[in-house]
Number of protein chains: 2
Amino acid sequence: MKGSASRKSSVTTRDALLAAGTRLFAQRGFDGASLETIARLARANKAMISYYFGGKEGLYRAILAETLEPVLRRTEGLRKVSRPAPERLQTFIFYFAEMVEHHPDLPAMILREALSGGRHLDERALGYFLSLFAVVREILEEGVRRKSLRKVDPFLTHLSVIGGLVFFFVTHPLRERLAREGRLPMKLPAPDAYVRHFALLMIHALKPEAHAPGSRTRR
Amino acid sequence: MKGSASRKSSVTTRDALLAAGTRLFAQRGFDGASLETIARLARANKAMISYYFGGKEGLYRAILAETLEPVLRRTEGLRKVSRPAPERLQTFIFYFAEMVEHHPDLPAMILREALSGGRHLDERALGYFLSLFAVVREILEEGVRRKSLRKVDPFLTHLSVIGGLVFFFVTHPLRERLAREGRLPMKLPAPDAYVRHFALLMIHALKPEAHAPGSRTRR
DNA sequence: GTCTATAGGCTGATAGAC
DNA sequence: GTCTATCAGCCTATAGAC
């Protein structure tokens, strides 16, 4: 159903194209990345893109579908863990960071897709996202329900969590460059440090209310 | 030094091109937005872009410089206000939302610029950003110093604040579209509601530690 | 599977009439 | 200041040799 991968080198070229495409689509956008450049980065011939993916758009969609699927499918695992919500939220944040480590260009590519209004988002790709979002939302919902988290809107909160993570990683290359050129007037924050900071920030943000002076909740 | 605006209609055409460019660069990226499309949206002739800005890149840079400047300059005002840090942070967040209301496409355009590694960021534009960042950082630093905020890293925190805001606004058009098509499995969050939520979330995240059970601070 | 050559479309830029 | 006409360059796609 997918070309029944026969040769060995064919798999390699295909994968190289997927990887190169991800990087260049992330860095320069769909229109800014030329097939010429992608092929060169993949050390392949540009005709190979038509061969494997039927064209530029085919490559783009293949990245969205094939790279995204295994990544997001893994998040599903976080659904089953039965642990307090704050801990599960932290796990999600660390998991997100680990994902970026393995696919450094994915967040930028996906964000660009979002900025473009999701022109290339078919139902399949959209489904992956919704399920990613659902995981976070469920953690938050459960936490609110069981009062291990403050009473917040799970959907709005989930946007804040994703936003704080995505924005950092997606702008990190720019900060790196500016730092390298001495144009960043502070030291470059390490991804690690940010992730730990952010997890803590969210834990604090969602910690159940300490009862206000004067009022008192039962228990 | 800038053409010493003589005619009346000339100003109008110029401004229309700036506005149209902002929208299209935001929605489709630098390479995705054609001069043809921009001119059409501005109800102008595409030759006018060369006339006023000397080309596509000139238009792009003009937007970055001219639209950004007044917007970011206003944030400078937030520097002088002498009020408790939590209140000033909230003011910043509301100010940011108000800015987006007046320039709905600016965040996306700027974010795209960041994703591209800041290829078009000259020293002037970069300076505007750094001063925007500085405002938030200063609020946080002061709050930490005076203990009206929890002891957090001001720089990391400022990234979380900006991230949570930018991500929401930049992805909002996508959610709107999905909602319109009935593909969003929850109700569309209103910008207002998000901003209020986010301000509160940050206030909670940064609230000075409640004394741990056993320990005790004064009062 | 890989590569070269080339067709055909679109884009950015600009000369020159008004 | 505005517009039409035009052109060179780059880009995607693909036919066909190996």
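Atom set for the values below is all heavy atoms of this structure, side chains included, hydrogens, waters and symmetry mates excluded.
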query = Salt-bridged, A/Arg61 to A/Glu57, with N to O below 4.0 Å?
reply =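 Yes, A/Arg61 and A/Glu57 are salt-bridged.
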Spacing of [X] atom [atom1] relative to [N] atom [atom2], expressed in whole Å:
X: B/Arg40; N: D/dC3; atom1: CZ; atom2: P; result: 14 Å
X: A/Leu17; N: C/dC3; atom1: CG; atom2: C1'; result: 14 Å
X: A/Phe53; N: D/dA13; atom1: CZ; atom2: P; result: 13 Å
X: A/Arg14; N: C/dT2; atom1: CZ; atom2: P; result: 12 Å

ask   = Which residues satisfy the side chain to side chain donor-acceptor pair (under 3.5 Å) test with A/His172, sequence neighbours excluded?
value = none
Under the side chain to side chain donor-acceptor pair (under 3.5 Å) test, residues paired with B/Thr75 that sit two or more places apart = none
Pairwise N/O distances under 3.5 Å, protein to nucleotides 7-10 of chain C:
none

Please collect all salt bridge (Lys or Arg N to Asp or Glu O under 4.0 Å) contacts where either partner lies in [range], sequence neighbours excluded, each pair once.
range: residues 173-183 of chain A; value: A/Arg177-A/Glu181, A/Glu181-A/Arg183, A/Arg183-B/Glu123
range: residues 189-200 of chain A; value: A/Asp192-A/Arg196
range: residues 95-113 of chain A; value: A/Arg23-A/Asp105, A/Arg74-A/Glu98

query = What's the closest nucleotide to the B/Asn45 side chain, out of D/dT2, C/dT2, D/dT4?
reply =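 Given the options D/dT2, C/dT2, D/dT4, the side chain of B/Asn45 is closest to D/dT4.
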inquiry  = Nearest to the side chain of A/Met48, heavy atoms from C-beta on, is which of D/dG1, C/dC3, D/dT4?
reply    =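 Of D/dG1, C/dC3, D/dT4, C/dC3 is nearest to the side chain of A/Met48.
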Atom pairs under 3.5 Å, N or O on each side, protein against nucleotides 11-13 of chain C: can you list them with distances?
| residue | atom | partner | partner atom | Å |
| --- | --- | --- | --- | --- |
| C/dG12 | OP1 | B/Lys56 | NZ | 2.4 |
| C/dG12 | OP2 | B/Leu35 | N | 2.8 |
| C/dG12 | N7 | B/Lys46 | NZ | 3.4 |
| C/dA13 | OP2 | B/Lys56 | N | 2.9 |
| C/dA13 | N6 | B/Lys46 | NZ | 2.9 |

Distance-only check: which donor-acceptor pairs under 3.5 Å involve side-chain atoms of residues 28-44 of chain A, not counting sequence neighbours?
| residue | atom | partner | partner atom | Å |
| --- | --- | --- | --- | --- |
| A/Ser34 | OG | A/Thr37 | N | 3.1 |
| A/Ser34 | OG | A/Thr37 | OG1 | 2.6 |

Result block: side-chain N/O donor-acceptor pairs under 3.5 angstrom for residues 159-166 of chain B, not counting sequence neighbours:
| residue | atom | partner | partner atom | Å |
| --- | --- | --- | --- | --- |
| B/Ser160 | OG | A/Tyr194 | OH | 2.9 |
| B/Ser160 | OG | A/His197 | NE2 | 3.0 |
| B/Ser160 | OG | B/Leu156 | O | 3.2 |

Result block: side-chain N/O donor-acceptor pairs under 3.5 angstrom for residues 128-138 of chain B, not counting sequence neighbours:
| residue | atom | partner | partner atom | Å |
| --- | --- | --- | --- | --- |
| B/Tyr128 | OH | B/Glu69 | OE1 | 3.2 |
| B/Ser131 | OG | B/Glu76 | OE2 | 3.1 |
| B/Ser131 | OG | B/Tyr128 | O | 2.9 |
| B/Glu138 | OE1 | B/Arg79 | NE | 3.1 |
| B/Glu138 | OE2 | B/Arg79 | NE | 3.2 |
| B/Glu138 | OE2 | B/Arg79 | NH2 | 2.6 |

For nucleotides 16-18 of chain D, which of its nitrogen or oxygen atoms have a protein nitrogen or oxygen under 3.5 Å away, and what is each distance?
none

request  = Just jot down the salt bridge (charged side-chain N to carboxylate O under 4.0 Å, His left out) partners of A/Arg119, sequence neighbours excluded, or say none.
outcome  =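 Expected list: none.
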task = Please round to the nearest 0.5 Å and tell me the distance separating atom CG of A/Leu24 and atom OH of A/Tyr60.
result = 13.0 Å
ask   = Do the side-chain N or O atoms of B/Tyr51 get closer than 4.0 angstrom to the phosphate oxygens (OP1, OP2) of C/dT14?
value =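 The answer is no; no side-chain N or O of B/Tyr51 sits under 4.0 Å from OP1 or OP2.
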